[in-house]
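Have a look at the structure below, then the notes.
As the structure is a prediction and not an experimental result, all values here were calculated from the model. Atom set for the values below is all heavy atoms of this structure, side chains included, hydrogens, waters and symmetry mates excluded.
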Amino acid sequence: MPISSATRRHALRALSALLLPGSLRATAASANDPSEAAADCIIPAKAGGGFDLTCALARDALQAVRPRRPPLGQRYLPGGIGAVAFDRIATGRLGGPGTLVAFSSGSLLNLAQGRFGPHPPTAVRWIATLGTDYGVIAVHRDSPYKRLPDLIAALRQEPSRVAFGAGGTVGSQDWVKAALLVRAAGRDHRAMRFVSFEGGGDALGALQGRHVDVFPGDAAEALQAIAGGAAVRLLAVLSQARLGGALAGVPTAREQGVDIVWPTVRGLYLSANVPDAAMRAWTAAFAEAAAAPGYAALRERHGLYPFALTGAALDDYVQARIKTYQALADELGLRRWKP
């Protein structure tokens, strides 16, 4: 029986695909799935902070479920603790299907205050949360403050004598932690001293050098510094209940009579201008990564606790948190710029 021309063309295409080098086949496949292709994770701060570990976790998690893809690249873009990166993505000066950006609850707090420029939350696409961190109150290992009540007593006596140092400026999440701590001591948070740094890594360095007294940062970055030999002691973790792992011996603020809880969710976003197919591909890739058998151990190795959201659930979470943060900003007398 004669073979039709259509059948011959189909057979030739199939044979050509088999004869292509592996790298070319991978390139052809990844053209429709950016999670299989070369891509970058933007770290919107200096090295050593929470955004850094977010991108590191994203890289390792993706590699576990996409072993043939090139490792996710890491690029630093400091400026305004995420403001520069968000503005460039929202305005199209940076982006594309192969550019992911790390975000945290601090990013949402800044968005709630309009600190990321004239952009609404819908200016980007929220891809996935990888886990949650928790705030900590840390001091130098040789600090006179041995327990959180010691620090509260010092703040109650004279808040301006205690220098807080952390990532972000007035209104950032680390500033808010410090402000809530001063208020818990019965004093006006506007009287506190706060030294701003471009990320937790620089702030922890200043704490080591005794240039600041207290670091109201996040657990994962503090534990990372301690593991590297930093002379840091944790007075409290800002979680609802005592945590496990490396933080098992650290009491919560609530245990010590200070009712402050501050979870720091960590995740990734993408340009709003990418095709829907790219959005779905990345969402599926991170959903698959979070469901993989080894993900829990990987997440724990990066100092995070369970909190995985994608798709509509993540969009709803972002909107809800922004409303909560707007109310908190008003309570603390922070200025809010309208997007």
Which atoms form the tightest heavy-atom contact between Leu72 and Ala58, and what is the distance? CD2-CB, 4.0 Å
Is Phe164 close to Arg193 at the side-chain level, that is, under 4.5 Å between some pair of heavy atoms? no
Within a 6.0 Å radius of atom CZ on Arg210, are there more than 12 heavy atoms belonging to other residues, nucleotides or ligands? yes
Kindly check if the number of other-residue, nucleotide or ligand heavy atoms within 6.0 Å of CZ (Arg156) is above 12? yes
With a 4.5 Å limit on heavy-atom distance, are the side chains of Pro275 and Pro97 in contact? yes
Quick one: closest heavy-atom pair of Arg69 and Ser35, and the distance? NH1-O, 2.5 Å
Flag yes if Leu77 and Phe116 sit in one hydrophobic cluster, no otherwise; membership is Ile, Leu, Val, Met, Phe, Trp, Tyr, and two members link when side-chain heavy atoms are under 4.5 Å apart. yes
Measure across Val162 and Ala154 and return the closest heavy-atom pair with its distance rounded to 0.1 Å. CG2-CB, 4.3 Å
Using a 4.5 Å cut-off on heavy atoms from C-beta on, say whether the side chain of Val136 contacts that of Val250. no
With under 30° as parallel and over 60° as perpendicular, where do the rings of Tyr269 and Phe103 fit, or are they tilted in between? tilted
Start with the C-alpha gap between Thr99 and Asp40, add the side-chain angles, then the distance that decides, and say whether side chain to side chain donor-acceptor pair (under 3.5 Å) holds. CA-CA 5 Å; Thr99 302; Asp40 287 328; 5.7 Å; no
Give the C-alpha distance, both sets of side-chain angles, the deciding distance and a yes or no for salt bridge (charged side-chain N to carboxylate O under 4.0 Å, His left out) between Arg183 and Glu331. CA-CA 12 Å; Arg183 289 181 64 180; Glu331 181 185 332; 3.2 Å; yes
Short N-O contact, Glu288 and Arg66, less than 4.0 angstrom: yes
Is it true that atom NZ of Lys323 has more than 12 heavy atoms of other residues, nucleotides or ligands lying nearer than 6.0 Å? no
Polar side-chain atom of His211 near backbone of Leu207 as donor-acceptor pair, under 3.5 Å: no
Atom OH in Tyr325, atom CG in Leu108: separation rounded to 0.5 Å? 6.0 Å
Asp87 side chain to Ala83 backbone, donor-acceptor under 3.5 Å: no
Examine Arg147 relative to Tyr145 and say whether NZ or CZ is less than 6.0 Å from the centre of the six-membered ring and inside a 45° cone about the ring axis. no
Atom CD of residue position Glu255 - does it have more than 12 heavy atoms of other residues, nucleotides or ligands inside 6.0 Å? yes
Are the side chain of Arg233 and the backbone N or O of Ser143 linked by a donor-acceptor pair below 3.5 Å? yes
First locate atom CG of Leu62, then atom CD of Glu36, and finally report the distance between them rounded to the nearest 0.5 Å. 9.5 Å
Look up atom OH in Tyr134 and atom OG1 in Thr264, then write down how far apart they are to the nearest 0.5 Å. 9.5 Å
Is there a side-chain contact between Glu300 and Tyr305 in this structure, where contact means two heavy atoms from C-beta onward sitting under 4.5 Å apart? no
Locate the shortest heavy-atom distance separating Gly80 from Asn110; write the atom from each residue and the value. O-ND2, 4.5 Å
Are Val214 and Val232 grouped together when hydrophobic residues (ILVMFWY) are joined by side-chain heavy atoms under 4.5 angstrom apart? no
On a heavy-atom basis, the closest approach of Ala246 and Leu223 is CB-CD1, 4.0 Å
Yes or no on side chain to side chain contact (heavy atoms under 4.5 Å, CB included) for Leu304 and Leu53, after CA distance, side-chain angles and deciding distance? CA-CA 9 Å; Leu304 299 183; Leu53 69 87; 4.1 Å; yes
Answer yes or no: is there a donor N or O on one side and an acceptor on the other, between the side chain of Glu221 and the main chain of Asp218, under 3.5 Å? yes
Any donor-acceptor pair under 3.5 Å linking the side chain of Gln74 with the backbone of Ile42? no
Which value, rounded to the nearest 0.5 Å, describes the distance between Ile137 atom CD1 and Lys177 atom NZ? 7.5 Å
Chi angles and distances behind the side chain to side chain contact (heavy atoms under 4.5 Å, CB included) call for Ile226, Leu234: CA-CA 10 Å; Ile226 292 170; Leu234 303 181; 4.2 Å; yes
For side chain to side chain contact (heavy atoms under 4.5 Å, CB included), just list the numbers for Met279 and Ile127, CA-CA rounded to whole Å, side-chain angles, deciding distance to a tenth of an Å, and then say yes or no. CA-CA 7 Å; Met279 169 72 175; Ile127 296 296; 3.4 Å; yes
Looking at Pro121, is its backbone amide N or carbonyl O close enough to the side chain of Trp126 to form a donor-acceptor pair, meaning the two atoms are under 3.5 Å apart? yes
Would you say Ser105's side chain and Val265's backbone share a donor-acceptor pair under 3.5 angstrom? yes
Got a second to check how far Leu268's CG is from Phe51's CZ, nearest 0.5 Å? 11.0 Å
Applying side chain to side chain contact (heavy atoms under 4.5 Å, CB included) to Leu181 and Leu151, what does each step give before you reach the verdict? CA-CA 9 Å; Leu181 199 61; Leu151 176 57; 3.7 Å; yes
Side-chain heavy atoms under 4.5 angstrom apart, residues restricted to Ile, Leu, Val, Met, Phe, Trp, Tyr: same cluster for Leu109 and Leu332? yes
Using a 3.5 Å distance criterion without hydrogens, assess whether the side chain of Asp174 forms a donor-acceptor pair with backbone atoms of Gly217. no
If you group Ile, Leu, Val, Met, Phe, Trp and Tyr by side-chain heavy-atom gaps below 4.5 Å, do Val237 and Val261 land in one group? no
Thr91 side chain to Arg93 side chain, donor-acceptor N/O pair below 3.5 angstrom: yes
Quick check, are the ring centers of Phe215 and Phe197 under 6.0 angstrom apart? no
In terms of relative ring orientation, are His119 and Phe86 parallel, tilted or perpendicular, with 30° and 60° separating the classes? tilted
Non-hydrogen side-chain atoms of Arg254 and Ser239 separated by less than 4.5 Å: no
Do Ile322 and Tyr317 come close enough that some side-chain heavy atom pair is under 4.5 Å? no
More than 12 foreign heavy atoms under 6.0 Å from CZ of Arg242: is that the case here? yes
Checking side-chain hydrogen bond (donor to acceptor under 3.5 Å, both in side chains) against Arg125, which of Asp315, Thr283, Asp276 comes through? Asp276
Where the side chain of Ser196 meets the backbone of Gly168, is there a donor-acceptor pair that is under 3.5 Å apart? yes
Are Val182 and Val195 linked, directly or through intermediate hydrophobic residues, by side-chain heavy-atom contacts shorter than 4.5 Å (ILVMFWY only)? no
Closest non-hydrogen atoms of Val101 and Pro44, given as atom of the first, atom of the second and distance, are CG1-CG, 4.4 Å
SG-CG distance between Cys41 and Leu57, expressed to the nearest 0.5 angstrom: 9.5 Å
